[in-house]
Amino acid sequence: MDEEEDLVELEVRHDDADDLLDSYSNGLSDFPFHCHTVVGNRLLAGRPDTELRSLSQVDEEQVKLLEHQVDAAYRALFEMDGKALLADEVGLGKTIEVGMILKEMHYRETTDSVLILTPAQLAKQWQAEMQEKFGLEFICNYDSEFHGFDAHDYIIASIDTAKSDRYRHTVLARDWDVLVLDEAHYVKNEETDRYDLIDKLTYDYAFFLTATPVQNQLTDLYNIVSLLRPGLFGSRDTFHQYFVNRNQETLVNRDELRNRLGQVMIRNRREDADIDFTERIIDTRTFEPSEAEMDLYNAVSDYVREAYTEDQGQKLVLMLLQKEVVSSPAALEQTIRMQLEERNELTHQDELQTILDKIEAIDTVTKQERLFDIVEEARERVDMGRVIVFTQFRPTQLQVIEALDEQGYTTHAFHGGHSSQEKEDIVEQFEEEGGVLVSTDAMSEGRNLQFCNIMVNYDLPWNPMRVEQRIGRIHRIGQKREVYIFNMGLKNTIEEYVLDRLYHKIDLFQQTVGELSTILSRLEDSGQSFEDEIFERLVNADSEIDLENDFEEMAVDLEEQKELSQKVQNFNSGVFEGFDLGTSDD
Amino acid sequence: MTDASHPVTQRTIEAFTKSYLRTLGASIREKKQKWRVQLPSHVEFDFLEEDTFDLHLEVREEEIDEGKLVLSPDSRFAQQLLSEVANQFPVGATTFTDDQIEGEYTYPDWIVESDVRVESANFAPYYDRTALCVLVDVSVETVSEYQMDSLEAITIDIDSLNPLPGLTETLLETMFNPESALGESASESSVSEAGVDSISEVLNKAQELALEGVQESLQQTREEATQAAEAEFEEYRQLQEQQLDDVQDEISSVTNRIQELASKIDKVSDQQDRIGLLQQRNDLQSEQQSLEQERDELLKEKRTGYREKREKIFQRHSLEVTTTSVAATIVTYERGELELHLSYRSHSESMRVPYAAGEGVTDSVDCPECGSELNRGNPIQLSRDTVCCNSCQ
């Protein structure tokens, strides 16, 4: 029997076309009317296009979509004609909503070019999330492969890079299909370069994100919305006269305003969304370094300070040394040796050699010894003793693994050098065999490890977003147990300052997702970069007391930003109190 | 064959409705998210009594009171309007001339994919031809869930019966541009006369071509329907085998009981008891017989591989495909030659190719040097002021 015979029968009937022939004999229709019949048939044959068709393609392992997010994506696309202000309260996953929108548009092939503008510190995070959760590949302006705004179609960039003299021209020269603007309150002021850039950009669809559309005054709302939907509120004066009361603090004619805002803005409130995180238990342990370790730390710090005073061009390397000295002697050694090899005419050869000697003088690595305590506790208390240890540096990773192996623990190594298949295999083995997974920050991009609930920060990145990314691997929607975060730091070192003075001040380890980015983007708005700030304070301090004061000052600043951020959030809650702009009830 | 179905987005349905109502002579007053529509006195819709009504935009039907009309891709109003319009004006006519093209010529792949530049082009129309652009609905009926319906557009020259895919694309685009008013660029002047017989012949041909156009998805539907039939048959087969096992078990059990009775009968001395037992044995024996009959039938069916049942199931799952011409546009278009002035670096050369307005280059063109056919994989080349191709370079 051939294949054809195995199949069910196919009966074909060609209907005769008497009706059409009759119509033809009776005279032709006017062409404009006939056109409508042709188009009418075409639309009848096409299905109503109001479903999120790509939903089934979202990998549920990677992202658990919540109802309010699906609803927001649907409304932004189909009810707001692809121009929307996503203004959910902090922590409800606005990035996920945009991811769904972009995935859907990609699926429908309506996104040839997409530009996502974010605060600088969040650009890489956006890139990772779009890739990890939605399989959307973007290039970021910080990637070495980035060749300008006219060279790629899917770009994530810091808004300040886009508005810079170098790039502004190419950004504006293009017709973008989609523009996404994160932290849209950045464009609240119509007299800034940022506002001007967004105002002049050409795009078909736009999605603006902010938890706080109103920063200082209600005009902020007017400015942001008018960029998206010019004319929705009429002129600035009309908006003022009609919707804002005299003392600038509350909105009036609220029903009318709600109706108009409802055409462009979606705001879900935390109390209405069904988000449930388990408890996070933070255990920060600082240890007294051995004499040899302290000696090494001081030598490195002195060298860094001196070298930086002489040549600020070396900043990145010096910053690296300062981070490595508290991570592990092994990490430090590798960089020092490279410095010695690469730069023959180095003026600081002697100092570097001394540092090498001091590294060799270290017998026991304090952190390593103390790590055994944590791992041992985990082995006794947790199923299969699964622990993830994060470090920034490969040599530290190797050293830690070696030490754990010697003690007879099951270990797994994860770093950026593995292929994606290898990475998958490693995570799978870790899940099956248990033990300790020692990972570099390469893990931060793209893996979910909800099956584990203990994490150790063996060293701490100076960029708080990195810390949040680490925590986010295990503490996310779907984690059913409480999560333990152990932070390890050496007393009287930069680590203690960063941990105690800064991270604990902003309650970093307890920040819900999204809150941190709000604080950081405020910080960036005032022109500071977190890592630079830490380093500058460290190298410029004249004395221990100076350093303490400097960090105290930074902490106060951070706290202020945190309070301001909270205040603005509360203000917005008040402004939009009683406005139902979230998920519809049906 | 071109898939003519078009997704219905909010923007499309609004543009279509507005354009259609205005063509009918209706007035539309737009106020926020509502249109107030007033139909002229001579116009009425089958599905609507009022001649003045409000259309609500960008809301879900269930969000507003019953009885209000909503215009959204899947609203009742939109579907009713589309269904009515779809049958209203099925045959029309238009023309495609050089004037309408305004120098926007469609160049063939063998130029587009080459390094050669077209410096200028000039179309010389020699004669008018008539074609028919037909919308054919292809519907596939099946008992399993794999229902398929598609709308194919085919344009065929009435004289030569050759398909004109380029013209189909151009026409569909001209007749449907939601951003601009529908059909503005087309006119119905100088429509050629065509006999009913030739129109009928073209419609038949169009329906056959439409069927060819969906062969691939049809084959897939057929395979899926076959799988559904196989699954149903397999279920039946397993059920029969199970039943066969059950009958075998019952037969053994009845046989055992008959044997037990036989030994009891041998041992019993009382006449009355004996008769009772014999009666029981008789009943069991007829039960055994009927079970054996049942088993034999099951076995017989099994030996034939349940052929009859399989055929029945497969018959039920067979596909019924129906093609129907739903609309036709008579197109008068110009045929002639396109003179192309080509250049590559310092070389330049001219050539003439057969061309039709709206369609593009109509016939295959061979390389003047080596005679190979020019196509995407074998594009044109220019060297030392001669036209040649990739193959002969």
Side-chain angles (χ1 to χ4, degrees), chain A residues 3-51 53 74-75 77-82 108 110 204 232 256 259-260 262-263 584-586, chain B residues 4-12 16 19-20 23 58 62-63 72-74 82-83 85-86 88-94 135 149-151 175-176 182-183 186-188 191 196 199-200 203-204 207-208 211 222-223 225-226 229 314-315 317-329:
Chain A
E3 260 182 40
E4 190 71 3
E5 282 174 23
D6 278 343
L7 297 176
V8 295
E9 291 283 317
L10 185 71
E11 290 166 32
V12 177
R13 196 181 77 229
H14 293 298
D15 274 354
D16 52 33
D18 290 351
D19 290 348
L20 276 190
L21 291 171
D22 285 349
S23 297
Y24 177 65
S25 305
N26 293 335
L28 303 173
S29 306
D30 285 348
F31 189 65
F33 285 98
H34 172 63
C35 275
H36 284 99
T37 288
V38 169
V39 175
N41 273 294
R42 296 184 63 192
L43 296 179
L44 267 185
R47 55 178 165 164
D49 206 0
T50 56
E51 288 164 26
R53 288 196 238 141
Y74 177 93
R75 290 178 57 201
L77 272 174
F78 300 118
E79 292 175 15
M80 297 180 172
D81 244 359
R108 290 159 182 266
T110 47
D204 287 339
L232 185 71
E256 177 60 21
N259 283 343
R260 293 204 199 174
Q263 292 173 39
S584 49
D585 292 334
D586 44 60
Chain B
S5 66
H6 196 288
V8 195
T9 59
Q10 182 68 29
R11 206 187 290 191
T12 334
F16 174 81
S19 163
Y20 182 60
T23 307
E58 290 191 20
E62 55 276 18
E63 276 174 17
S72 68
D74 45 6
L82 288 174
S83 305
V85 183
Q88 210 85 315
F89 315 101
V91 187
T94 188
L135 287 188
D149 241 313
S150 64
L151 188 72
M175 292 166 90
F176 185 4
L182 279 156
S187 80
E188 59 170 302
V191 170
V196 173
I199 296 282
S200 171
L203 290 173
N204 289 341
Q207 286 173 230
E208 281 165 24
L211 187 67
R222 203 173 164 195
E223 282 164 14
T226 306
F314 269 58
Q315 185 55 38
H317 280 269
S318 66
L319 304 188
E320 266 182 46
V321 184
T322 313
T323 69
T324 315
S325 297
V326 293
T329 312

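Letters A, B, ... are given to chains in the order of the sequence lines, protein chains preceding strands, and every chain is numbered from 1. All figures in this text were calculated on a predicted structure; none of them were measured in a lab.
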B:T23: side chain to side chain contact (heavy atoms under 4.5 Å, CB included) partners, not counting sequence neighbours
A:P32, A:F33, A:H36, B:S19
Could you tell me which portion of B:E208 (side chain, backbone, both or neither) has an atom closer than 4.5 angstrom to a non-hydrogen atom of chain A?
both
Classify the side-chain pair B:H317/B:T226 by whether it contains a donor and acceptor separated by less than 3.5 Å.
no
Who wins among B:A327, B:A229, B:G92, B:S83 for the most heavy-atom pairs under 4.5 Å with chain A?
B:G92
Give, as side chain, backbone, both or neither, the part of B:L82 having an atom under 4.5 angstrom from any heavy atom of chain A.
both
With side chain to side chain contact (heavy atoms under 4.5 Å, CB included) as the criterion, how do A:R42 and B:L151 come out once you've worked through the C-alpha distance, each side chain's angles and the decisive distance to 0.1 Å?
CA-CA 7 Å; A:R42 296 184 63 192; B:L151 188 72; 4.2 Å; yes
Over all atoms of both residues, closest heavy-atom pair of B:V91 and A:L20
CG2-O, 3.7 Å
